[in-house]
Every structure is written in structure tokens, then in C-alpha cells.
Visitor: 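Quick one: structure below, then a few questions.
Reckoned from all heavy atoms, side chains included, excluding hydrogens, waters and symmetry mates. Just so it is clear, the structure is predicted and the values come from calculations on it, not from any experiment.
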Amino acid sequence: TARRPSPGPMPAVTEPLAAPRRAVIGLGANLGDLDATLDAACAAIAALPHSRWLGVSGRWCSRPVDSSGPDYLNAVAAIETRLAPRELLAALQAIENAHGRERPWRNAPRTLDLDVLLIDDLACDDPVLLLPHPRLLERAFVLLPLLELHATLGGVLPLPGRADRAGLQALADRLAREQGLERRPD
């Protein structure tokens, strides 16, 4: 998730939203036991308050983008949640921190990275959270798992902007060739 320096601590979870929204979350890790970390992150996301697990994509291997270090293992998960966007971000950052996430520099290798990619068709230019994720359409490791999960769940997930699925698929396929993304067998 695009994070800018916070003006202070995130507010505590208050009243949940009246109606649930579908949230799409990017998962990635390139340090430690990648599979165990993504499994634990999915379990923690599924246990979030006021939320219901919808599913997770397969796992995809990618080279670091704008950085160096080991390859990443990536996936995309979806939940329905009544958490407000900043509350969801705070909960995801707590999960990252529980897995030893450090932020020594931009795009540093990480034990766990959780990004809020989309929340229904919500557009948000909050100082702490930008929605849709500002680099969503630049990253094959997000687009291909998102499209995979979108199809698996029968098309109920939001897609970025007014993009059509075929156009997004063509973009994702091109980016995958350029960025070296590979679907890992189940």
C-alpha cells in the first residue's frame, strides 16, 4: 500500500462501516520462509474483525522491482470488510509488524508486505492511504494474481478504474514478460 509518513498514530478501530466492502490485498515476501509467512498472513487477514474471507490467488514468483535482493513470492487475497480503509491499513500493518517487517529504506527486502490495492470502487487520496494503489497497473505480480482471483470468485472483485478484464489481461501479460513473473504450480 502506498504509505506516506504518518502525521501520528493511526486512530484505533472505532465503529465498523454499516455495509461491507470488498477489499483486495496484495501479499508479498522475499525474506524467511515465504510460504509459511504468506499462509500465516492469510490466516491473520481471515481473522480480522468485521471481515469475511473471500479467497486467495495462487502464488507467483517475481524479481524485485526497483530494488535488489531475493525473488518475491506474491499473491492477492480478498475479503469483505466493514473496517474503514485506514482501520484496514492499520490492521494489515500490525500483521506485517508481527512478522518482523522493517522499513529501513524504500523497496527494501521484506519478511512480509501487505498492500491495500482496492476497496470496491473507492478512490482515496488520504495522506496515509492512496486507493486504488498508485502502482497497481505497473506491477504484473499484482495484476495477474488479481485477475486470477477475480475469475475464481466469479467476477465479484473490483478491478481498477473502468478497465475491462481483457485489456487488463493484455497489460498484465506484457508486464509479466518484462518483469519476469511466473505462476508457481499449486
Side-chain angles (χ1 to χ4, degrees), residues 1-4 6-29 37-60 73-99 101 112-139 141-169 171-172 186:
T1 299
R3 294 177 188 91
R4 298 179 186 160
S6 177
M10 292 263 194
V13 174
T14 56
E15 292 299 312
L17 299 173
R21 296 180 184 196
R22 292 160 299 175
V24 179
I25 301 161
L27 299 91
T37 298
L38 292 192
D39 289 344
C42 286
I45 293 167
L48 288 175
H50 310 293
S51 301
R52 182 173 70 88
W53 180 258
L54 296 177
V56 65
S57 70
R59 301 207 172 158
W60 297 73
L73 188 61
N74 304 285
V76 167
I79 60 173
E80 280 185 348
T81 187
R82 291 174 53 211
L83 294 174
R86 286 187 72 176
E87 294 167 336
L88 176 59
L89 176 62
L92 296 177
Q93 288 175 334
I95 295 168
E96 289 177 333
N97 292 340
H99 287 274
R101 171 70 190 267
L112 180 62
D113 186 28
L114 300 175
D115 290 332
V116 180
L117 302 173
L118 297 161
I119 299 178
D120 280 336
D121 60 355
L122 182 66
C124 180
D125 192 16
D126 185 278
V128 177
L129 177 64
L130 300 173
L131 291 173
H133 190 287
R135 289 173 299 287
L136 176 62
L137 297 176
E138 300 169 9
R139 306 288 166 87
F141 64 81
V142 172
L143 282 175
L144 282 172
L146 170 59
L147 291 168
E148 177 185 274
L149 187 57
H150 182 268
T152 299
L153 296 178
V156 300
L157 293 182
L159 293 175
R162 304 207 189 296
D164 65 284
R165 191 181 192 302
L168 282 175
Q169 187 70 55
L171 173 63
D186 292 328

Visitor: In sequence, state the C-alpha distance, the side-chain angles, and the governing distance for Asp113 and Asn74, and then conclude on side chain to side chain contact (heavy atoms under 4.5 Å, CB included).
Guide: CA-CA 9 Å; Asp113 186 28; Asn74 304 285; over 6 Å; no
Visitor: Would you check if Leu83 and Ser51 make a side-chain contact, meaning some heavy-atom pair closer than 4.5 Å?
Guide: yes
Visitor: Is a salt bridge present between Arg22 and Asp120, judged by a nitrogen-to-oxygen distance below 4.0 Å?
Guide: yes
Visitor: Not counting sequence neighbours, list each pair that qualifies as a salt bridge (Lys or Arg N to Asp or Glu O under 4.0 Å) and has a residue in residues 48-60.
Guide: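 Output for this query lists Asp35-Arg59, Asp39-Arg59, Arg52-Glu80.
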Visitor: Are Arg86 and Asp126 close enough, and set up right, to give a side chain to side chain contact (heavy atoms under 4.5 Å, CB included), and what steps lead you there?
Guide: CA-CA 9 Å; Arg86 286 187 72 176; Asp126 185 278; 3.4 Å; yes
Visitor: Using every non-hydrogen atom in the two residues, find where Arg165 and Glu148 come nearest and quote the distance to one decimal.
Guide: NH2-N, 4.5 Å
Visitor: Indicate yes or no: at least one non-hydrogen side-chain atom of Leu117 is less than 4.5 angstrom from one of Leu131.
Guide: no
Visitor: What pair of heavy atoms forms the shortest contact from Ala75 to Pro145, and how long is it?
Guide: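 Taking every non-hydrogen atom into account, C-CB, 4.3 Å.
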Visitor: Taking side-chain contact (heavy atoms from CB on, under 4.5 Å) as the test, write out the residues that go with Ala44, two or more places apart.
Guide: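 In terms of side-chain contact (heavy atoms from CB on, under 4.5 Å), with neighbours along the sequence ignored, Ala44 is linked to Ile95.
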Visitor: What's the separation between atom CG in Leu112 and atom CD in Glu96, rounded to the nearest 0.5 Å?
Guide: 5.5 Å
Visitor: On a heavy-atom basis, which atom in Thr81 and which in Ala23 lie closest, and how many Å separate them?
Guide: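 For Thr81 versus Ala23, the nearest heavy atoms are CG2-CB, 4.2 Å.
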Visitor: Quick one, Pro158 and Val24 - any side-chain contact, counting heavy atoms below 4.5 Å?
Guide: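 With C-beta onward as the side chain, the pair touches.
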Visitor: Apply side-chain contact (heavy atoms from CB on, under 4.5 Å) to Ala78 and list each qualifying residue two or more places apart in sequence or on a separate chain.
Guide: Leu54, Leu149, Leu153, Leu157
Visitor: Between Leu171 and Leu143, does the side chain to side chain contact (heavy atoms under 4.5 Å, CB included) criterion hold? Intermediate values first, please.
Guide: CA-CA 8 Å; Leu171 173 63; Leu143 282 175; 3.9 Å; yes
Visitor: Looking at residues at least two apart in the chain, or sitting in another chain, which of them share a side-chain hydrogen bond (donor to acceptor under 3.5 Å, both in side chains) with Thr37?
Guide: none
Visitor: So, using side-chain contact (heavy atoms from CB on, under 4.5 Å) as the criterion, who are the partners of Asn97 when residues are at least two apart?
Guide: Arg101, Arg103
Visitor: For residues Leu73 and Trp60, determine if any side-chain heavy atom of one lies less than 4.5 Å from a side-chain heavy atom of the other.
Guide: no
Visitor: Could you tell me which non-hydrogen atom of Arg82 sits nearest to which non-hydrogen atom of Ala19, and how far apart they are?
Guide: CG-C, 4.1 Å
Visitor: Under 4.5 Å between any side-chain heavy atoms of Leu159 and Asp164, yes or no?
Guide: no
Visitor: How far apart are the C-alpha atoms of Ile25 and Leu92, what are their side-chain angles, what is the distance that settles it, and do they pass the side chain to side chain contact (heavy atoms under 4.5 Å, CB included) test?
Guide: CA-CA 9 Å; Ile25 301 161; Leu92 296 177; 4.0 Å; yes
